[in-house]
Amino acid sequence: MSWIEADSGAALTLSVNGMRHDLKLDARVTLLDALREHLQLTGTKKGCDHGQCGACTVLVNGRRINSCLSLAVMHQADEITTIEGLGTAENLHPLQAAFVAKDGFQCGYCTSGQICSAIGMLGEWREGWPSHLGDRADAAPAIDAAEIRERMSGNLCRCAAYPRIVEAIEHYATHEGADA
Amino acid sequence: MTDVSVKMDAPFEQSLLDRSPVPTIGKEIARIDGPRKVSGAARYAAEHFPDGVVHGVLLRAPVGCGRITAVDATAALAMPGVLAVIRDERMIRNAGDFGGDAAPVQGVDEVAYFGQPIGLVVADSLERARAASLCVRVSFESAPGVFDMMAARDSALPPTDDIFGLFLIHTEQGDVERAAGEAKFLVDTIWETPSQNHAAMEPHASVAIWQEGRLTLHGSYQSPVVTRDQLATVMGLPPSQVRVLSPFVGGGFGGKLGVMPEAVAAAIAAQQLGRPVKVVMSRQQVFETTGRRPMTHQRVRLGANRDGRLTLVQHETITDQLEGEVFFEPAGLATHLLYAGENRMVDHKVVRTNKQLAVSMRAPGEAVGLLTLECAMDELAERLGLDPIELRLLNEPETHPEMDVPFSSRALVDCFRQGAARFGWETRNTRPGQMRDGDWLIGQGVAAAARGNLFGPSRVRATIQGDGRVLVETEMTDIGTGTYTILAQIAADLLGMPLEQVEVRLGDTNDPRSAGSGGSWGATTSGSALYAACAELRARLAAAAGVPVEAVTLANGVLTAPGISRPISELVGNGLSVEGATEPGESNQRFNQTSYGAHFCEVRVHAVTGEVRVLRWTSVFAAGRILNLQTAISQAIGGVVFGIGGALTEELVHDPRTGKIVNRDLGEYHVPAHADIPAIDIQFLEERDPVANPLHAKGVGELGVCGAGAAVANAVYNATGVRVRQFPITLDKLLPGLPPVAG
């Protein structure tokens with residue numbers, strides 16, 4: 001039966017936040033569950049397991065993805081960055097610090113995903129990716145609130161810290177480098 | 001045990017918070033738990049890994065009403081890693097709610113709603129448990145159920161319980177029929193609001209651990225002690241043998257008040273298997289097997305004289321709930337007190353349906369009741385030819401219109417006036433459907449906010465340690481509300497300590513029992529208990545220094561009084577610890593205590609597609625002293641956005657044939673997203689309420705949602721001239737009334 005075949009463990013190596021981890025995982029384990037349950041990197045959150053809420057967003061080779069929609073075995077050659085890889089409570093990444101300063105969260109459960117998503121999103125912006133708002137002007141110097149809202153809409157926040165998340169990202173994008 | 005207690009029988013005139021030399025209260029203070037949350041270091045319920053932990057997945061009923069006749073687990077048990085398929089009569093059928101230590105309805109055979117828990121599959125990995133759960137064969141007999149409340153409205157009966165006297169089932173004064181006949185202007189309207197899901201971002205999760213007959217549960221709960229008490233009853237244990245830990249909770253909104261099915265299942269499985277068990281609900285299970293805000297059918301009838309004074313205020317609500325459950329949606333709560341008018345009637349009835357438990361969801365009552373009342377007021381204002389704000393100001397009551405009690409504080413009029421100025425209400429569109437920007441119709445709307453404030457029992461322990469650091473401990477939770485921070489601020493201000501010297505520990509039932517996070521009373525009750533503890537600590541410090549407490553100033557870790565200046569750490573020996581408590585007193589009855597506000601919304605509605613976008617928002621609130629302006633504004637924004645979602649997108653759809661929820665995930669149940677929400681302008685008025693508590697503060701957490709949806713609906717009407725009375729206002733309901741598309 002097919003489920004027994006799928007159940008046999010696969011040996012794999014994941015590179016997360018610059019550290020290599022040798023694992024033997026059920027082929028059905030998602031990248032999200034590998035991080036949370038097997039590596040106990042619980043900063044990455046599970047909100048829906050269906051790619052609908054964005055709480056599980058991590059960076060894979062610098063690109064943001066919903067880690068719940070991807071199997072761990074697909075990422076042997078990749079460099080994965082999670083919230084723990086950006087900064088620690090004692091030494092925050094400037095975007096993490098901006099979230100604290102602007103109160104860009106309440107319960108904190110979507111926050112890791114919002115922050116990782118914002119890092120990825122700003123990379124897309126720098127590379128000239130268009131959004132639903134239309135082709136960006138190539139000369140656009142800095143991202144504005146409307147673009148941030150549009151590009152961050154895959155990350156839900158039921159506490160609805162939205163306006164303050166946008167402020168935090170805008171602040172970081174404007175001062176990027178200066179604070180870092 | 002409790003050392004000192006504050007009981008609110010009379011106003012508490014002098015608050016020590018006004019005498020702090022270096023105040024943090026009232027300021028914008030960043031959350032002290034913030035660095036842990038933004039770095040992923042804060043551990044939520046499912047993020048515990050006791051040795052040998054295994055995974056459980058709930059089995060659920062594939063029928064909306066009937067009986068499970070057989071469960072064949074043969075195939076599942078033969079799968080690798082599967083440890084057990086557990087069906088235990090102690091498992092709970094219905095979710096728990098806020099009140100008391102009674103067990104929720106238990107059992108795994110009788111089916112009352114689609115998707116109810118009927119067992120648990122346990123395996124050594126999540127993947128194996130999930131696969132096995134799909135291989136369990138469930139046989140059932142179905143019975144005719146009631147799945148369509150609107151169709152069953154004739155069966156509605158009065159609720160069986162008034163929830164500690166807080167939910168008034170039926171009130172009446174004057175002669176409403178006569179008033180309706182005599183009113184020069186009458187608005188008689190029927191409204192429908194749908195069921196909603198709390199949809200906290202963190203799904204319900206529990207990790208159960210047994211050690212020597214004692215149960216420890218890491219769970220996501222707003223009130224760990226209520227959860228513990230209910231869990232203890234279910235498991236047949238004294239509460240002292242159960243410990244529930246919820247130091248971080250990924251949102252609640254009323255959906256995590258009582259014990260939930262996953263906690264009971266995890267506890268039973270861990271007991272049976274002799275090893276820790278983790279049960280995390282899938283998002284679909286959260287939608288189907290926890291709780292919901294029930295749907296309502298509301299009639300609002302308002303009568304007025306030519307001068308705009310209300311002669312009739314009538315609000316009748318029909319809502320739905322499972323058979324035998326006492327909670328009902330008290331949609332008329334704010335109607336009792338918002339406006340004057342001598343002839344009044346507020347009534348609630350319940351239809352018994354086969355849908356999952358109806359529970360409190362952010363501002364039970366006001367959230368859906370003000371939605372309709374404030375829209376009906378808008379309709380009345382238009383009939384009268386009055387500005388909607390003018391109509392409300394004309395009907396401002398001096399005292400509670402139904403009870404012979406004063407308001408402890410009430411700044412609704414100021415909220416309207418200041419909000420109108422901030423928003424630019426003067427320049428609004430005054431003729432529905434007449435303001436246009438290309439293909440977009442523009443409109444503005446206004447509505448009042450009101451949410452009751454109560455005082456209840458809570459306990460907090462405050463300790464000044466030998467090294468001068470302060471420790472605050474209580475079972476109270478921070479579900480995103482800011483509890484960690486505001487308790488630290490209160491302790492810092494009252495004990496004269498820098499904020500960094502204060503540590504706050506929350507969410508552990510081994511610590512003093514709190515009122516929990518619910519009903520907007522967490523900050524005021526736990527904050528007042530802490531106030532009492534700190535006031536006693538001040539007296540003990542003064543005694544240790546040999547000076548009268550009135551002469552003492554505490555600041556920057558130093559006690560000063562005429563002729564004396566000593567570090568506080570030198571006065572506490574090995575440490576001073578005091579437990580403070582609150583007790584509700586006569587002030588709850590002698591005064592009506594309510595927080596108020598006014599919402600102003602601008603929308604645009606696409607003239608061709610009917611798409612609604614919220615463009616601009618201002619809310620002005622008065623809720624007593626604001627303890628932390630930063631976290632209070634965040635809560636207010638959150639409430640407003642909850643209201644926007646309720647007005648425009650949120651609707652839990654039950655299949656009327658089976659009771660199954662059609663849109664049981666975040667892809668189909670639409671909570672607002674980033675792109676839906678503009679900048680939200682929030683202002684809190686300066687206010688103090690000495691009747692409420694020693695902090696002079698009132699509740700904030702639910703106020704924002706109250707009336708917010710009505711401001712949206714009134715703006716949509718103003719933009720289009722189309723009044724939608726079935727929420728949410730989706731474009732299909734607007735399209736028939738939109739102007740013809742120009743050729």
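This one's a predicted model, so the numbers in the text were calculated from it and none came from an experiment.
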Check each atom of [X] against the heavy atoms of chain B and say whether the ones under 4.5 Å are side chain, backbone, both or neither.
X: Asp103(A); answer: both
X: Thr88(A); answer: backbone
X: Leu156(A); answer: both
X: Gln114(A); answer: side chain
X: Ala101(A); answer: backbone

Review point. Hey, which of Gly108(A), Gly43(A), Gly54(A), Gly104(A) has the most heavy atom pairs under 4.5 Å with chain B?
Key: Gly108(A)

Review point. Which one, Lys45(A), Glu167(A), Arg164(A), Glu84(A), leads in non-hydrogen pairs under 4.5 Å with chain B?
Key: Arg164(A)

Contact part of [X] toward chain A, heavy-atom cut-off under 4.5 Å: side chain, backbone, both or neither?
X: Ser634(B); result: both
X: His198(B); result: backbone
X: Tyr484(B); result: neither
X: Ile644(B); result: neither
X: Ile479(B); result: backbone
X: Thr631(B); result: both
X: Phe248(B); result: neither
X: Gln284(B); result: side chain
X: Ala199(B); result: both

Check [X] against [Y] and note the closest heavy-atom contact, atom names and distance.
X: Ser153(A); Y: Ala673(B); result: O-CB, 3.9 Å
X: Gln52(A); Y: Leu666(B); result: OE1-N, 3.2 Å
X: Gly638(B); Y: Ala160(A); result: CA-CB, 3.9 Å

Review point. Salt bridge or not for Lys278(B) and Glu37(A), using N-O below 4.0 Å?
Key: yes

Would you say [X] and [Y] make side-chain contact, with heavy atoms under 4.5 Å?
X: Cys107(A); Y: Glu202(B); value: no
X: Asp665(B); Y: Cys48(A); value: no
X: Asp676(B); Y: Arg149(A); value: no
X: Val166(A); Y: His674(B); value: yes
X: Pro203(B); Y: Tyr109(A); value: yes
X: Arg128(B); Y: Arg28(A); value: yes
X: Ser39(B); Y: Gln96(A); value: yes
X: Pro672(B); Y: Arg158(A); value: yes

Practice item. Starting from the C-alpha separation in whole Å, work towards a yes-or-no answer on side-chain contact (heavy atoms from CB on, under 4.5 Å) for Arg31(B) and Val100(A). Key: CA-CA 7 Å; Arg31(B) 289 169 202 263; Val100(A) 175; 5.9 Å; no

Under a 3.5 Å distance rule, please check whether [X] uses its side chain to pair with a backbone N or O of [Y] as donor and acceptor.
X: Arg283(B); Y: Gly47(A); answer: yes
X: Lys37(B); Y: Gln106(A); answer: yes
X: Thr111(A); Y: Val38(B); answer: no

Leading residue by heavy atom contact count with chain A [cutoff under 4.5 Å; candidates [options]]:
options: Ala30(B), Pro678(B), Gly482(B), Ala42(B); result: Pro678(B)
options: Ala41(B), Gly639(B), Gly40(B), Gly480(B); result: Gly480(B)
options: Val640(B), Ile637(B), Val641(B); result: Ile637(B)
options: Glu668(B), Gln635(B), Gln630(B); result: Gln630(B)

Exercise for review: Using the ring of Phe49(B) (Phe, Tyr or Trp, six-membered ring only), decide whether Arg36(A) places NZ or CZ under 6.0 Å from its centre and within 45 degrees of its axis.
Suggested key: no

Measuring from [X]:[atom1] to [Y]:[atom2], what's the distance to the nearest 0.5 Å?
X: Asp49(A); Y: Met281(B); atom1: CG; atom2: CE; result: 15.0 Å
X: Gln40(A); Y: His48(B); atom1: CD; atom2: NE2; result: 11.0 Å
X: Ile165(A); Y: Ile677(B); atom1: CD1; atom2: CD1; result: 11.5 Å

